[in-house]
Amino acid sequence: MDCVSPILDVATRLWDCTAKRAVYIRHLPQNLNSLRTAMGELKNLYKDVKERVEREEKLQKKRTHVVDGWLRNVEAMEEQVKEILAKGDEEIQKKCLGTCCPKNCGASYKLGKMVLEKMDAVTVKKTEGSNFSVVAEPFPSPPVIERPLDKTVGQDLLFGKVWKWLQDDGEQVSSIGLYGMGGVGKTTLLTRINNELLKTRLEFDAVIWVTVSRPANVEKVQQVLFNKLEIGKDKWEDRSEDERAEEIFNVLKTKKFVLLLDDIWERLDLSKVGIPPLNHQDKLKMVFTTRSKQVCQKMESTKSIEVNCLPWEEAFALFQTKVGADTISSHPDIPKLAEMVAKECDGLPLALITTGRAMAGAKAPEEWEKKIEMLKNSPAKFPGTEEDLFRVLAISYDSLPDEAKKSCFLYCSLFPEDYEISQRNLIQLWIGEGFLDEYDNLQEARNQGEEVIKSLQLACLLENGRSRFYVKEKYLKMHDVIREMALWLARKNGKKKNKFVVKDGVESIRAQKLFTNMPVIRVLDLSNNFELKVLPVEIGNLVTLQYLNLSATDIEYLPVEFKNLKRLRCLILNDMYFLVSLPSQIVSSLSSLQLFSMYSTLVRSNFTGDDERRLLEELEQLEHIDDIYIHLTSVSSIQTLLNSHKLQRSTRFLLLFSERMNLLQLSLYIETLHITNCVELQDVKINFEKEVVVYSKFPRHQCLNNLCDVRIDGCGKLLNLTWLICAPSLQFLSVKFCESMEKVIDDERSEVLEIEVDHLGVFSRLTSLTLVMLRKLRSIHKRALSFPSLRYIHVYACPSLRKLPFDSNTGVSKKLEKIKGKQEWWDGLEWEDQTIMHNLTPYFQPIEHPRDSSH
C-alpha cells in the first residue's frame with residue numbers, strides 16, 4: 001500500500017494535466033470562432049478610433065502617444081490573429097480520418113493555448129480602445145514666434161549687452177529692465193531680442209511675449225500664457241485667478257524660459273501671474289520695457305539699462321530715410337537745413353520719424369526755414385518724461401496758425417483707435433461743430449477744411465487711410481501715438497468747453513432721455529444704424545443743432561417738428577431706402593441750411609418726380625444753401641434743376657437715373673457726375689452762363705474746372721464724351737455698358753463746340769480710367785497724351801479698342817501703377833513703336849472678369 005499511494009498521486013497529476021490539454025484541443029474550433037469574432041469587433045473599434053484621430057488631425061491636432069501606440073498594436077495584433085486562425089483551420093483539417101482526434105496532439109495543444117491567450121489580449125485592447133476620451137491634442141506653440149521688425153538703427157551696442165546677459169557670460173543676470181522715454185525704441189529693441197532668440201534659442205524651451213500696457217492686468221497676462229503653454233481647458237475654464245496661477249507655475253517650473261514683457265507702467269506681481277522665481281542658473285529669465293526707472297526698481301530687475309536717444313550720425317541717417325533722398329537732393333541748400341531740423345529732434349527716433357515724414361516732399365528751402373523757426377520756438381529737449389515726448393511730437397501741432405486748426409486736429413482723437421475717417425464727412429462734422437464758422441460761404445468753409453487736412457498731413461498729425469484708385473472718396477487715420485498725444489494735449493490745455501458724446505450702434509432713441517438731457521447740442525450723427533426706424537418728435541427740441549446725419553437708417557418718416565431746427569446747417573439723408581416722403585415745407589423751413597445731401601434715397605424709396613421737383617423748389621427757397629448732393633430720376637426734376645441758376649451753383653454731386661432724358665445741359669459748378677441707365681441720352685451740353693464765362697478766371701475750354709469725378713453707366717445711345725475736354729481737373733473717369741460709344745474724345749466734335757483745346761492739358765490730372773463693355777469703342781483720344789497723373793487703367797470687353805493714346809514722345813506717367821485687361825486684348829494692341837509697349841508691359845496685369853479688377 002505504501003507504494004500504491006505515490007503511484008496514484010502521480011497518476012492523478014498526469015490525468016489533470018492531460019485533461020487540461022485535452023480541453024485546449026477539444027475546444028479549439030469553438031475558440032477559433034470566438035477569436036475571429038473578437039478580432040472583428042476590435043477591428044471595428046480600430047476603425048472608429050482611427051476616424052476620430054483623422055478628424056482631429058484635420059483640425060491641426062496631434063494624436064496622443066497612447067492612441068498612436070494602441071493603433072500600431074492593433075495593426076500588429078491583426079496580423080498575428082490572421083496567422084493563428086490560418087494555422088487553426090489547417091490543424092482542424094489534419095484530424096485523423098473518421099475521428100475527432102488530431103494527428104499531432106502536441107501541436108494542437110500549443111495552438112489551442114495560443115488562441116486563448118490571444119483572445120485575452122484582444123479583449124484587453126477592446127477595453128483600452130473603448131476608454132479613449134481624448135485621441136489628439138493641439139500642437140504645442142512654437143518656442144519663439146517671430147514679430148515684424150523694420151531694419152533697426154543705432155541699437156547694436158545695447159542689443160549686445162542684453163544678449164550677453166541672456167547668455168550669462170559669467171554674470172548672474174535673471175531679469176533685465178529697459179527703460180526710457182516713449183518713442184525711443186524700447187519695443188524695437190525687445191522685438192529684435194525676440195527674433196534673435198528664434199534663430200539661436202540659447203537652450204530656452206519657450207520665449208513668451210506679453211504686451212502689458214496699463215493698468216497691469218494679471219488676468220490678461222495669464223490668458224496670454226495659457227495660449228502659449230500646454231494647459232488643458234479643463235484646468236483653466238471656470239477657475240479662479242489663484243488656481244490659474246498654480247497651473248501656469250506647474251508648467252513653467254519644468255521649463256527654461258525667457259519672459260518678454262512690453263510696456264509696463266507699474267509693478268506686475270509675477271507670483272500672482274504664476275511665474276516661478278527667476279533664476280539665471282535654471283535659465284528662468286525676463287526682459288521688460290518701461291518708461292520709468294522706478295518701475296525697474298519695483299520689478300527688482302538684476303540689470304537696468306536706459307535706452308537713450310540716437311547719437312547724431314545715426315539720428316541724421318534715420319531722419320534722411322524718412323525725408324527721402326529725392327527731397328534731400330532737390331536743392332543744394334536743403335542738406336544743411338535738414339541737419340538743422342534733425343538736430344532739433346535731439347536724437348529721439350519717433351520724433352525723427354514724425355518730423356522727417358512731415359518734411360518729405362518739401363523741396364523749397366523756404367519751407368525748411370519756416371519749419372526750423374517753428375522748432376526753435378518750441379521745446380526740443382527731452383529729459384525723459386512722457387510729456388517731453390509729446391511736446392516733441394507736438395512740434396507740428398504747436399506751429400498750426402490758429403485755434404480752428406488745432407480744434408480740428410483734437411477732434412480727430414474722438415474716433416476709435418485705427419479708425420479710418422472719411423475726409424468729406426470729417427469736414428462736414430467740423431462745420432457742424434463750428435470750427436470753420438469764420439466762413440459764411442459753405443464752399444469756402446469746405447475748401448478751408450481741405451486746407452486744414454493738408455496742413456495736418458504735412459505736419460504728420462494725420463495719415464492717409466485706405467486708397468482706392470477708382471473712387472474720389474479719401475480716408476484719413478491718426479497714428480496711435482499721435483492720437484494719444486492729442487488726447488494728452490486736450491487734457492493738458494483744459495479743453496472743457498466742447499463736450500462730446502460718442503456711442504456706436506444706436507438701435508432706438510429714448511427721446512425723453514437723450515434729447516431732454518442734451519438741450520445744447522450742435523452735432524448729431526445717427527448714420528449706419530439700420531435698426532433705427534423711428535425718429536421721435538422731440539428732435540424738434542434740439543434747437544441748437546447744426547449737423548444731422550440720418551444716412552443708412554430705416555427711418556420711414558421725418559416728423560414735422562423738424563421745422564424747429566432753424567440753426568441746422570448740414571442735413572444728410574443718404575441711402576435711406578425706407579423713407580416714404582418728406583413732409584411739405586420741412587426743408588424750406590430750415591432757414592440756416594447750407595448743405596443738403598440725399599442720394600441713393602430717391603431711387604429706392606417711394607419718391608415720385610413731383611416729390612423731387614417739390615424738394616428742389618424748397619431747396620431753391622433757402623437763402624444760405626451752398627452744397628447740394630442729390631439723386632434725380634425724372635426729366636421734369638432734372639429740368640427744374642437746370643432752370644435754376646441758384647440750384648446749379650449749389651449742386652456739387654449729381655446722380656442721374658432717367659430712362660426718358662435724351663439731352664443733358666451740364667452745370668458749370670458740378671464736381672461729381674454719375675449718369676446711370678439713361679438709355680435715351682444722346683448728348684451732353686455745357687450750360688454756358690454769360691456772366692461766368694466773362695468773369696471766370698478759367699478760359700472757356702476749362703469751364704468745368706470743378707468737375708473731378710465722372711461715371712457713365714448704361715447709356716446706350718451716347719456716342720462720345722468730348723465735353724470732358726472742358727474738365728481740366730478730372731481725376732476719375734469710368735464708362736461702362738455704352739454700346740454705341742466709338743470715341744471718348746472726338747476731335748471733330750470739339751471743333752463743333754467751338755472750343756480751342758489745349759491737347760496737352762486733356763486728362764492731365766486723371767488718376768483712374770475705367771472702360772468696360774464698350775463694344776464699338778475705337779479711340780480714347782486721337783492724339784497721344786502725357787497722362788502725368790495716371791495711376792490706374794482698366795479695360796474690359798472693348799474689342800475695337802486697338803490703340804492706347806501713348807507714344808515714345810509723351811512717355812509713361814511716373815505715377816502709373818496698374819493696367820488691367822484681358823491678355824488677348826493686350827496682345828492684340830497696335831503700337832506706334834515698340835519702346836512704349838516695352839515701357840508699359842511691366843504695369844499690365846491680366847484679368848478674366850471685371851470683378852478681378854480689385855485695387
Side-chain angles (χ1 to χ4, degrees), residues 140-150 152 155-156 158-169 171 173-180 182-214 216-231 245 248-249 251-253 255-280 282-293 295-296 298-307:
S141 300
V144 189
I145 298 176
E146 185 175 10
R147 300 180 67 82
L149 178 67
D150 291 333
T152 58
Q155 292 187 331
D156 292 344
L158 276 179
F159 174 78
K161 281 186 179 181
V162 176
W163 195 250
K164 182 181 70 172
W165 290 332
L166 287 174
Q167 290 176 308
D168 284 331
D169 198 31
E171 297 191 52
V173 178
S174 57
S175 61
I176 305 166
L178 307 175
Y179 71 92
V184 80
K186 303 181 298 296
T187 299
T188 300
L189 179 57
L190 195 66
T191 302
R192 184 176 174 185
I193 293 167
N194 177 87
N195 292 354
E196 194 65 28
L197 286 166
L198 176 66
K199 301 175 185 176
T200 61
R201 300 282 173 83
L202 293 183
E203 300 179 3
F204 291 109
D205 300 320
V207 177
I208 305 167
W209 180 292
V210 182
T211 302
V212 180
S213 299
R214 56 181 177 184
N217 187 314
V218 170
E219 183 180 354
K220 174 186 172 183
V221 178
Q222 286 182 332
Q223 189 61 43
V224 174
L225 290 167
F226 167 72
N227 294 334
K228 178 73 177 179
L229 305 174
E230 298 179 31
I231 300 176
I248 292 171
F249 178 85
V251 173
L252 284 181
K253 72 179 182 181
K255 294 181 180 291
K256 300 175 182 179
F257 65 83
V258 178
L259 185 62
L260 305 178
L261 302 179
D262 188 35
D263 197 24
I264 295 182
W265 290 80
E266 57 195 13
R267 182 177 182 273
L268 177 67
D269 192 334
L270 299 181
S271 63
K272 286 187 176 181
V273 175
I275 307 296
L278 302 174
N279 185 326
H280 73 280
D282 297 330
K283 286 192 174 292
L284 312 180
K285 299 197 174 191
M286 173 180 67
V287 185
F288 63 88
T289 69
T290 178
R291 294 190 182 186
S292 169
K293 186 176 181 178
V295 171
C296 293
K298 291 182 177 180
M299 291 292 293
E300 302 176 10
S301 58
T302 313
K303 294 285 185 179
S304 298
I305 307 178
E306 183 177 5
V307 183

- Run the side chain to side chain contact (heavy atoms under 4.5 Å, CB included) check on Tyr179 and Thr289 step by step: do they pass? CA-CA 6 Å; Tyr179 71 92; Thr289 69; over 6 Å; no
Heavy-atom pair of closest approach, residues [X] and [Y]:
X	Y	answer
Lys253	Pro276	N-CG, 3.8 Å
Pro277	Phe249	CD-CE1, 4.2 Å
Trp209	Thr187	CH2-O, 4.2 Å
Arg267	Ala216	O-CB, 4.5 Å
Ser304	Cys296	OG-CB, 3.3 Å
Thr302	Val173	CG2-CA, 3.9 Å

- Task: Verify the distance criterion only: is there a donor paired with an acceptor across the side chains of Thr211 and Asp263 at less than 3.5 Å?
- Result: no
- Message: Looking only at the side chains, is there a donor atom on one of Asn279 and Ser174 sitting less than 3.5 Å from an acceptor on the other?
- Response: no
Flag side-chain contact, heavy atom, 4.5 Å: [X] against [Y]:
X	Y	result
Ile275	Leu284	no
Leu261	Leu270	yes
Leu225	Val221	yes

Do [X] side-chain atoms and [Y] backbone N/O form a donor-acceptor pair below 3.5 Å?
X	Y	answer
Asp205	Lys256	yes
Asn227	Gln223	yes
Glu306	Leu178	no

- Task: Evaluate the side chain to side chain contact (heavy atoms under 4.5 Å, CB included) criterion for residues Phe159 and Ile193: first the C-alpha distance (whole Å), next the side-chain angles of each, then the deciding distance (0.1 Å), finally the verdict.
- Result: CA-CA 7 Å; Phe159 174 78; Ile193 293 167; 4.0 Å; yes
As an exercise, state the distance from [atom1] of [X] to [atom2] of [Y], rounded to the nearest 0.5 Å.
X	Y	atom1	atom2	result
Thr290	Glu266	OG1	CD	10.0 Å
Leu260	Arg147	CG	CZ	9.0 Å
Asp269	Met299	CG	CE	9.0 Å
Lys255	Leu229	NZ	CG	7.0 Å
Glu196	Thr191	CD	OG1	13.0 Å
Asn194	Asp262	CG	CG	10.5 Å

- Query: Can you list the residues that meet the side-chain contact (heavy atoms from CB on, under 4.5 Å) rule with Asp156, with sequence neighbours excluded?
  - Reply: Arg192
- Kindly write out the residues that satisfy side-chain contact (heavy atoms from CB on, under 4.5 Å) with Glu146, not counting sequence neighbours, or none if the list is empty. Asn195, Leu198
- Item | Within 6.0 angstrom of Lys272 NZ, more than 12 heavy atoms from elsewhere | no
- Report yes or no: is the cationic atom of Lys285 (NZ for Lys, CZ for Arg) under 6.0 Å from the centre of the six-membered ring of Phe204, at an angle within 45° of the ring normal? no
- Query: Where do Ser301 and Ser175 land on the side chain to side chain donor-acceptor pair (under 3.5 Å) test, with the steps shown first?
  - Reply: CA-CA 5 Å; Ser301 58; Ser175 61; 5.2 Å; no
- Evaluate the side chain to side chain contact (heavy atoms under 4.5 Å, CB included) criterion for residues Trp163 and Leu197: first the C-alpha distance (whole Å), next the side-chain angles of each, then the deciding distance (0.1 Å), finally the verdict. CA-CA 9 Å; Trp163 195 250; Leu197 286 166; 3.7 Å; yes
- Not counting sequence neighbours, which residues clear salt bridge (Lys or Arg N to Asp or Glu O under 4.0 Å) with Lys303? List them please. Glu171
- Item | side chain to side chain contact (heavy atoms under 4.5 Å, CB included) between Val258 and Ile208, intermediate numbers included | CA-CA 6 Å; Val258 178; Ile208 305 167; over 6 Å; no
